[in-house]
Amino acid sequence: MDLGIKGKTAIVCGASKGLGRGCAEALAEAGVDLVINARTESTLIATAEEIAAKYGVKVTPVACDITTPEGQAKVLAACPTPDILVNNAGGPPPGMWSDWDRDDFIAAIDANMLTPITLMKAVLPSMMEKGWGRVINITSMSVKSPIAVLGLSNAARAGLTGYVGGTSRQVAPHGVTINNILPGIHATDRAISLDQGVSAAQGITMEEAAAQRMETIPARRYGTSADFGAMCAFLCSQHAGFIVGQNILLDGGAVNSTM
Ligand code: NAP
């Protein structure tokens, strides 16, 4: 399917690895020029070179922490008026409800709620002026089905989801859509670290920990970055202009719910 976005420009945050990279690759395959971001410069540059060589698009790496005002300014300076914005960063650490104090919540809210909101506020005006734009926020299945040990993530991402619910309806008349994609477990570094935690806690191997987790997923596998990127690129396509303010679960059926 021709996604109809060849020649457009996108900022993809947290894109040197994992789900962000999956989104960057799928957009590049559709002919979109990219500004990609992550903190570790060496990995980011290698990713930029690989994507540019594979898909023949322009890929500009901007190494910085996107959760800081300096990082946000650096990315926006490289691409002040993108057609597409994909918001992503690492998730907050796990723990117990009693572990976290105000500073922990402020850090999580800064990273996973206020950073995407700041970037949206920066790019929405030019998208609305052009009459076309696409914003994707990578959140989590925990928005629909809270994961007990991820209280910081549950809280911050729920806040972002509420903001998107209202804002997406305000910008939709201008041809701009904002949607969230909610990953269930995907085979990225994040999944490896979750499986390491289970392996250590239960005294089982990594393979056993992964097999145990797969039993809870009707698709009986982890998602891939390519699965995830394909959905992102479709939501950024010309065909998705009527999809507004949605929370799309990509979880292999793990959340047992009709809606
Ligand atoms: P990942 O494989 O660890 O990749 C994260 C990417 O973001 C890397 O490129 C990383 O590079 C970059 N990054 C992290 N923090 C950053 C920051 N502050 N500023 C800029 N770049 C940053 O993680 P993932 O699995 O793709 O997860 C992406 C998001 O989805 C996370 O928020 C995660 O919590 C959420 N999620 C993932 C899953 C899953 O199963 N994978 C499930 C639910 C939710 P650097 O480290 O070099 O910065």
Side-chain angles (χ1 to χ4, degrees), residues 10-30 32 34-52 54-55 59-67 71 75 84-94 108 111-113 115-116 119 135-143 147 149-150 152-153 156-157 160 179-199 206 209-210 213-214 217 219 221-236 247-252 254:
I11 293 174
V12 186
C13 304
S16 65
K17 296 187 292 180
L19 306 180
R21 177 169 178 158
C23 296
E25 290 219 30
L27 289 169
E29 191 175 8
V32 174
L34 304 173
V35 167
I36 62 170
N37 151 262
R39 293 165 301 183
T40 313
E41 191 166 36
S42 53
T43 330
L44 182 69
I45 289 174
T47 297
E49 288 173 354
E50 284 167 30
I51 295 177
K54 188 166 176 191
Y55 300 105
V59 186
T60 307
V62 180
C64 58
D65 183 341
I66 197 64
T67 66
V75 167
I84 295 166
L85 167 67
V86 180
N87 279 314
N88 182 37
N112 296 107
M113 177 181 169
T115 293
L119 293 175
V135 179
I136 303 296
N137 298 296
I138 299 180
T139 64
S140 172
M141 70 184 266
S142 68
V143 170
I147 298 169
V149 294
L150 294 180
L152 291 173
S153 171
R157 297 189 197 279
L160 175 64
N179 291 288
N180 305 319
I181 311 182
L182 285 53
I185 195 81
H186 282 68
T188 67
D189 286 0
R190 172 88 169 167
I192 291 170
S193 77
L194 289 174
D195 285 345
Q196 275 166 345
V198 172
S199 160
M206 286 284 285
R213 197 187 298 278
M214 281 179 208
I217 305 169
R221 67 173 178 91
Y222 289 3
T224 66
S225 296
D227 292 330
F228 197 87
M231 173 56 77
C232 175
F234 178 74
L235 288 175
C236 292
N247 291 288
I248 314 265
L249 258 181
L250 291 194
D251 70 341

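All values reported here derive from a predicted model rather than from experimental measurement. These numbers come from the heavy atoms of this one structure, side chains and all, not from hydrogens, waters or symmetry mates.
Taking both residues in full, the closest heavy atoms of Val12 and Gly20 are given as CG1-O, 3.5 Å, listed atom of the first, atom of the second, then distance. Across all non-hydrogen atoms, the minimal contact from Pro93 to Leu152 is O-CD1, 4.0 Å. Of all heavy-atom pairs spanning Ile185 and Met141, the tightest one is N-SD, 4.5 Å. Of all non-hydrogen atoms in Gly71 and Ile66, the two that sit nearest each other are O-CD1, 4.1 Å. Minimum interatomic distance between Asn37 and Cys64 (heavy atoms only, all atoms of both residues): ND2-O, 3.0 Å. The minimum heavy-atom distance between Ala230 and Ala26, with the atom names listed, is N-CB, 4.0 Å.
A heavy-atom distance below 4.5 Å is not found between the side chains of Val86 and Cys13. Here the side chains of Thr47 and Ile36 are in contact, with some heavy-atom distance below 4.5 Å. Two residues are said to be in side-chain contact when any heavy atoms from C-beta on lie closer than 4.5 Å; Ser153 and Ile147 fail this criterion. For the pair Ile248/Leu182, no side-chain contact is recorded, criterion being any heavy-atom separation below 4.5 Å from C-beta on. Here the side chains of Val135 and Asn87 are in contact, with some heavy-atom distance below 4.5 Å. Residues His186 and Thr224 are not in side-chain contact: their nearest non-hydrogen atoms beyond the backbone lie 4.5 Å or more apart. Using a 4.5 Å heavy-atom threshold, the side chains of Asn137 and Ile181 count as separate. Looking at heavy atoms from C-beta onward, Leu34 lies out of side-chain contact with Thr60 at the 4.5 angstrom threshold.
For Asn88, the side-chain hydrogen bond (donor to acceptor under 3.5 Å, both in side chains) test picks out no residue, with sequence neighbours left out. Qualifying side-chain hydrogen bond (donor to acceptor under 3.5 Å, both in side chains) partners for Ser140, counting only residues two or more places apart in sequence or in other chains: Ser142. By the salt bridge (charged side-chain N to carboxylate O under 4.0 Å, His left out) test, Asp227 is found to be paired with Arg221, residues two or more places apart in sequence or in another chain being considered. Residues forming a side chain to side chain contact (heavy atoms under 4.5 Å, CB included) with Asn112 (at least two apart in sequence, or on another chain): Pro92, Ala156, Arg157. Scanning for side chain to side chain contact (heavy atoms under 4.5 Å, CB included) contacts around Ala210 gives Asp195, Met214, Tyr222, with sequence neighbours left out. Shown here are the side-chain hydrogen bond (donor to acceptor under 3.5 Å, both in side chains) partners of Thr43, two or more places apart in sequence or in another chain: there are none. Residues forming a side chain to side chain contact (heavy atoms under 4.5 Å, CB included) with Pro94 (at least two apart in sequence, or on another chain): Val149, Leu150. For Thr188, the side-chain hydrogen bond (donor to acceptor under 3.5 Å, both in side chains) criterion is met by no residue, not counting sequence neighbours. Applying the side chain to side chain contact (heavy atoms under 4.5 Å, CB included) test to Ala63 and every residue at least two apart in sequence or in another chain returns Glu41, Leu44.
Atoms CG and SG, from Leu19 and Cys232 in turn, are 10.0 Å apart once rounded to the nearest 0.5 Å. To the nearest 0.5 Å, the span separating CG on Asn180 from CG on Asn247 amounts to 4.5 Å. Rounding to the nearest 0.5 angstrom, the gap separating the CG atom in Leu249 from the OG1 atom in Thr139 is 8.5 Å. Atom-to-atom distance recorded for Leu85:CG and Ile136:CD1 is 9.0 Å, nearest 0.5 angstrom.
Counting only distance, with no hydrogens or angles, the side chain of Asp251 and the backbone of Pro183 share no donor-acceptor pair below 3.5 Å. Listed for the Ser16 side chain is no donor-acceptor partner under 3.5 Å among the backbone atoms of Ala38.
Donor-acceptor pairing under 3.5 Å is recorded for the side chains of Asp65 and Thr67.
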Exercise. Check the pair Leu27 / Tyr55 against side chain to side chain contact (heavy atoms under 4.5 Å, CB included), numbers first and verdict last.
Key: CA-CA 10 Å; Leu27 289 169; Tyr55 300 105; over 6 Å; no
Quiz prompt | side chain to side chain contact (heavy atoms under 4.5 Å, CB included) between Val198 and Met206, worked out | solution = CA-CA 8 Å; Val198 172; Met206 286 284 285; over 6 Å; no
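Pairs engaging residues 181-194 under the salt bridge (charged side-chain N to carboxylate O under 4.0 Å, His left out) rule: Lys17-Asp189 [sequence neighbours left out].
In this structure, Arg21 pairs ionically with Glu25, as a charged nitrogen and a carboxylate oxygen lie closer than 4.0 Å.
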